[in-house]
Amino acid sequence: MTSPFIVVPTYHERENLPRFTWQLWQAVPDARLLLVDDASGDGTPDWVRAHPKYGSAFFLLERAGKLGLGSAYVAGFEWVIQRHAAEPCSAVVQMDADLSHDPNSVPDLLQALEAGADLVLATRYRQGVRVTNWPLHRLLLSLGAGLYVKCVTGMPFTDPTGGFKAFRLDKLATLDLSQVHSDGYAFQIEVTYMAWRLGWKIEEVPIVFEDRYAGASKMSTHIVREAIWRVPWIALRGRVSPRRVATSGEVRP
Ligand SMILES: Nc1nc2c(ncn2[C@@H]2O[C@H](COP(=O)(O)OP(=O)(O)OP(=O)(O)O)[C@@H](O)[C@H]2O)c(=O)[nH]1
Ligand SMILES: [Mg+2]
């Protein structure tokens, strides 16, 4: 497998970046990192451009304002696909910048891809709850959301709302990303659902999830509300018109 791409959306994460990038390149020395920054206004672009790896293994996609997590990932994936889709068997990892997703777990996700998975989901809830330092209400919200998604969509995964994943680049390039409409956390569910409906080989890898290292959460009631109504919308659209959501692949009944 060629060196993996790590796509990370950032909004006001400047304080976390030195620690995050250092840990990432310690864990995966050949990683290529793309930040998708939504005009954070906290010095993120200057910091990235001053980094010794900028331009060789560190890239920056700047957007004009806070346009949402989902569209940031779509823009980042398209950036990678447009430039590198011809590479044999590269991996695309998506993760947060706040160190909730431990860079030391990236090799475990990559190993599962090497072993034959098309998509690897990091899970906090397989063989117990592996979440540290989260307030109880966040944990209950996350567990409740996972249960809701499983019931409504039928997906069998233990942590269907998680945002730490690894894709085979060639498989990601077959998804019709123009059909992804979720802007907040529902994005995680929508993309996994598309892949699952297409019959991708999806594996779960256990991780330990920690509360953010520094900075403030971007979680809002708007994002929670979107996730609630989007889940039945995603499931219904998939049932009614499964072939609209992707360009190729096996489609589940
Ligand atoms: N580019 C971009 N990144 C975003 C946006 N919203 C959130 N992010 C980033 O997406 C990742 C996840 O957001 P978080 O605020 O950590 O959300 P969370 O993990 O559910 O909540 P906390 O860990 O409690 O903060 C972080 O790296 C954020 O900086 C956005 O609108 N645009
Ligand atoms: Mg976070």
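Along the sequence shown, residues are numbered consecutively beginning with 1. Predicted model, so just to flag it, every value in this text is computed and none were measured. Atoms within each ligand, like the ligands themselves, are counted from 1 in listed order.
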Inset, instruction - Answer yes or no on whether Lys66 is positioned over the face of Tyr11, meaning its NZ or CZ is under 6.0 Å from the six-membered ring centre and within 45° of the axis. - result: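 Geometry flag: set, cation within 6.0 Å and 45°.
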Legend entry - Stacked cation flag Arg230 on Trp233, 6.0 angstrom / 45 deg: yes
Go through ligand 1 atom by atom and flag the ones less than 4.0 Å from a non-hydrogen atom of [X].
X      : result
Ser217 : 15 (O), 21 (O), 22 (P), 24 (O), 25 (O)
Asp98  : 16 (O), 19 (O), 23 (O), 25 (O)
Asp38  : 1 (N), 2 (C), 30 (C), 31 (O), 32 (N)

Inset, instruction - Give the name of the N/O/S atom in Asp98 that lies closest to the Mg ion (ligand 2). - result: OD2
Inset, instruction - Answer yes or no: does atom OH of Tyr213 have more than 12 heavy-atom neighbours from other residues, nucleotides or ligands under 6.0 Å? - result: no
Legend entry - Where Gly68 and Asp38 come nearest, the two heavy atoms and their spacing: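 Closest approach of Gly68 to Asp38, heavy atoms only: N-OD2, 3.6 Å.
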What protein heavy atom sits nearest [atom], and how far away is it?
atom                    : value
atom 24 (O) of ligand 1 : Arg138 NH1, 2.7 Å
atom 15 (O) of ligand 1 : Lys218 N, 2.9 Å
atom 17 (O) of ligand 1 : Tyr185 OH, 2.7 Å
atom 29 (O) of ligand 1 : Glu13 OE2, 2.6 Å
atom 10 (O) of ligand 1 : Leu69 CD1, 3.1 Å
atom 4 (C) of ligand 1  : Tyr11 CB, 3.8 Å
atom 6 (N) of ligand 1  : Lys66 NZ, 3.5 Å
atom 25 (O) of ligand 1 : Arg212 NE, 2.6 Å

Legend entry - Asp211 near the Mg ion (ligand 2) via N/O/S, less than 2.8 Å: no
Inset, instruction - Answer with side chain, backbone, both or neither: which part of Pro9 has a heavy atom less than 4.0 angstrom from an atom of ligand 1? - result: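 Near ligand 1, Pro9 shows its backbone as well as its side chain.
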Inset, instruction - Consider every N or O of Thr10 and every N or O of ligand 1, then say whether any pair is closer than 3.5 Å. - result: yes
Inset, instruction - For ligand 1, find out whether one of its N or O atoms is nearer than 3.5 Å to an N or O atom of Val36. - result: yes
Inset, instruction - Test Phe77 against Phe167 for ring pair (Phe, Tyr, Trp, His ring centres under 6.0 Å), laying out the working first. - result: CA-CA 10 Å; Phe77 291 163; Phe167 301 81; 5.4 Å; yes
Legend entry - From Leu35 atom CG to Glu13 atom CD, the distance as rounded to the nearest 0.5 Å: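 If we round to the nearest 0.5 Å, Leu35:CG and Glu13:CD are 10.0 Å apart.
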Legend entry - Option from Leu121, Thr123, Leu143 for which side chain to side chain contact (heavy atoms under 4.5 Å, CB included) with Asp159 holds: Thr123
Legend entry - Pair Arg130 + Glu204: basic N to acidic O under 4.0 Å: no
